[in-house]
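Quick note: numbers below take in every heavy atom, side chains included, and nothing from hydrogens, waters or symmetry partners. Below, chain A is the first sequence line, B the second, and so on; all start at residue 1. Since the model is a prediction, treat every value here as computed from it, not as a measurement.
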Number of protein chains: 2
Amino acid sequence: MTKRLCLSPAEIEQKLNDAGVQPTLQRIAIFRHILCEADHPTADQVREWAEKNLDKISQATVYNTLGTLVEAGLLQALRLPHSDKVIYDHNIEDHHHFLDEKSGRLYDLPEEDVEVTYKLPKKFRAHRVDVVVKGRVE
Amino acid sequence: MTKRLCLSPAEIEQKLNDAGVQPTLQRIAIFRHILCEADHPTADQVREWAEKNLDKISQATVYNTLGTLVEAGLLQALRLPHSDKVIYDHNIEDHHHFLDEKSGRLYDLPEEDVEVTYKLPKKFRAHRVDVVVKGRVE
DNA sequence: TTCTAGAGTTAGAATAATTCTAAACGTAGA
DNA sequence: TCTACGTTTAGAATTATTCTAACTCTAGAA
Ligand SMILES: [Mn+2]
Ligand SMILES: [Mn+2]
Ligand SMILES: [Zn+2]
Ligand SMILES: [Zn+2]
């Protein structure tokens, strides 16, 4: 369901370079973690993983890195109704989400599986629509 | 566009009683403010108004009151992608929103003006869909 | 190679939103 | 009138995130 781009550190480094982001060790590791292993993690979940798996890293670096990756268009930052934490999404295509209200887990819904039609007042110009379907996974 | 239920304090008191919420002065005033005057306010905007317009009120009471009104089903709490603040909505019917990304202002979109169709994986059971249309008001 | 300016990282403090604590207060009903 | 319980309060605590200012690294320039 989720597109997972599992790349080697060298390929990650290339992607960072292409995006104009200096590929530091911390950025390579965090970006690869989110691309390959993590599922819609929060900053704090990334920090937990990083503290276990990298030599030493500060909270500020985790936030800085996530912010840098989002600014560079390599990650999306999401805010969902059930939580006050920002969620980082390696899926940067326009897409929608299903929220399992029991577990709090988020699932991607491909753009083409969701159709939205709407009528807006005159003078309202839309340039994006976000859909969150809430429910349960049985 | 937004349904505005402008009621007298006595009518507000009745609504609170009906919902099983003791109609204290603070609750009546805040609930009436959100029903009649405020447009998708944050807790802090409610606090600002309350400090100006009520004899004395604490921040905790504002949060307590908003929480109580949401629990009683008299307000909706919203979390939107552009802000980390909870937004309180007197419109408790299912409805959608338009976010003016320039001003940050939220507009209600009636349920019937938005149509969503989606295809979910087996075992996914939806019980609500939230749509946020983002764009500009010219 | 060495130098160096700018970019990145860091610990810790600061800020912002919200919640908690424990005492004081008010009020509905016995 | 009394009292139990719900409500309000000031202030502290918590949580998520950002800022500060010093230290460190690294990409080029020389
Ligand atoms: Mn509204
Ligand atoms: Mn916060
Ligand atoms: Zn996603
Ligand atoms: Zn609304």
Side-chain angles (χ1 to χ4, degrees), chain A residues 9 12-14 16-33 40-51 53-72 74-88 104, chain B residues 9 12-14 16-31 33 40-51 53-72 74-89 104:
Chain A
I12 297 285
E13 188 168 339
Q14 188 57 53
L16 290 170
N17 269 319
D18 292 350
V21 174
Q22 269 192 222
T24 65
L25 288 178
Q26 292 91 335
R27 287 170 178 174
I28 293 167
I30 287 175
F31 189 30
R32 188 169 137 83
H33 172 60
H40 292 104
T42 63
D44 206 55
Q45 290 171 329
V46 173
R47 185 192 49 72
E48 272 184 52
W49 172 87
E51 284 177 357
N53 293 277
L54 305 181
D55 269 358
K56 181 152 87 69
I57 192 166
S58 78
Q59 183 188 43
T61 298
V62 174
Y63 276 99
N64 288 343
T65 298
L66 293 170
T68 298
L69 294 173
V70 169
E71 264 189 65
L74 295 168
L75 294 180
Q76 262 197 276
L78 307 175
R79 261 177 231 277
L80 287 251
H82 68 303
S83 157
D84 62 341
K85 298 174 190 174
V86 173
I87 281 168
Y88 294 90
Chain B
I12 296 285
E13 187 167 340
Q14 190 56 55
L16 291 170
N17 269 320
D18 292 350
V21 173
Q22 267 192 224
T24 66
L25 288 179
Q26 293 92 333
R27 287 170 177 174
I28 292 167
I30 286 175
F31 188 31
H33 171 62
H40 291 105
T42 63
D44 206 56
Q45 289 171 329
V46 173
R47 185 193 48 73
E48 272 184 52
W49 172 87
E51 284 178 358
N53 293 278
L54 305 181
D55 269 356
K56 182 153 83 69
I57 192 166
S58 78
Q59 185 189 40
T61 298
V62 173
Y63 277 98
N64 288 343
T65 298
L66 293 170
T68 298
L69 294 173
V70 169
E71 263 190 65
L74 296 168
L75 294 180
Q76 260 197 278
L78 307 175
R79 261 177 231 276
L80 287 249
H82 69 302
S83 157
D84 62 342
K85 298 173 189 173
V86 174
I87 280 168
Y88 294 89
D89 194 337

Let me know the distance between [atom1] of [X] and [atom2] of [N], rounded to the nearest Å.
{"X": "B:N64", "N": "D:dG11", "atom1": "CG", "atom2": "C1'", "answer": "14 Å"}
{"X": "A:L66", "N": "C:dG8", "atom1": "CG", "atom2": "C1'", "answer": "15 Å"}
{"X": "B:L16", "N": "C:dT27", "atom1": "CG", "atom2": "P", "answer": "15 Å"}
{"X": "A:K85", "N": "C:dT18", "atom1": "NZ", "atom2": "C1'", "answer": "13 Å"}
{"X": "B:Q59", "N": "D:dA10", "atom1": "CD", "atom2": "P", "answer": "10 Å"}
{"X": "B:L25", "N": "D:dT9", "atom1": "CG", "atom2": "C1'", "answer": "15 Å"}

| note | Among the nucleotides C:dT9, C:dC20, D:dT18, whichever has the atom closest to the side chain of A:T65 is C:dT9
| From the list C:dA7, D:dT17, D:dA10, which nucleotide is the closest neighbour of the side chain of B:A60? | D:dA10
| said: Which heavy atom of B:G104 sits nearest to which heavy atom of B:H82, and what is that distance? | reply: O-NE2, 3.6 Å
Considering just the side-chain nitrogens and oxygens of [X], establish if one lies under 4.0 Å of OP1 or OP2 belonging to [N].
{"X": "B:Q26", "N": "D:dT8", "value": "yes"}
{"X": "A:K56", "N": "C:dA11", "value": "yes"}
{"X": "A:T24", "N": "C:dT9", "value": "yes"}
{"X": "A:Y63", "N": "D:dT18", "value": "no"}
{"X": "B:T61", "N": "D:dT9", "value": "yes"}

| remark: DNA chain C nearest-nucleotide lookup for A:S58 and B:Y88: closer to the 5′ end is A:S58
| query | Base, sugar-phosphate, or nothing: which does A:D44 touch, judged by heavy atoms less than 4.0 Å apart? | reply | nothing
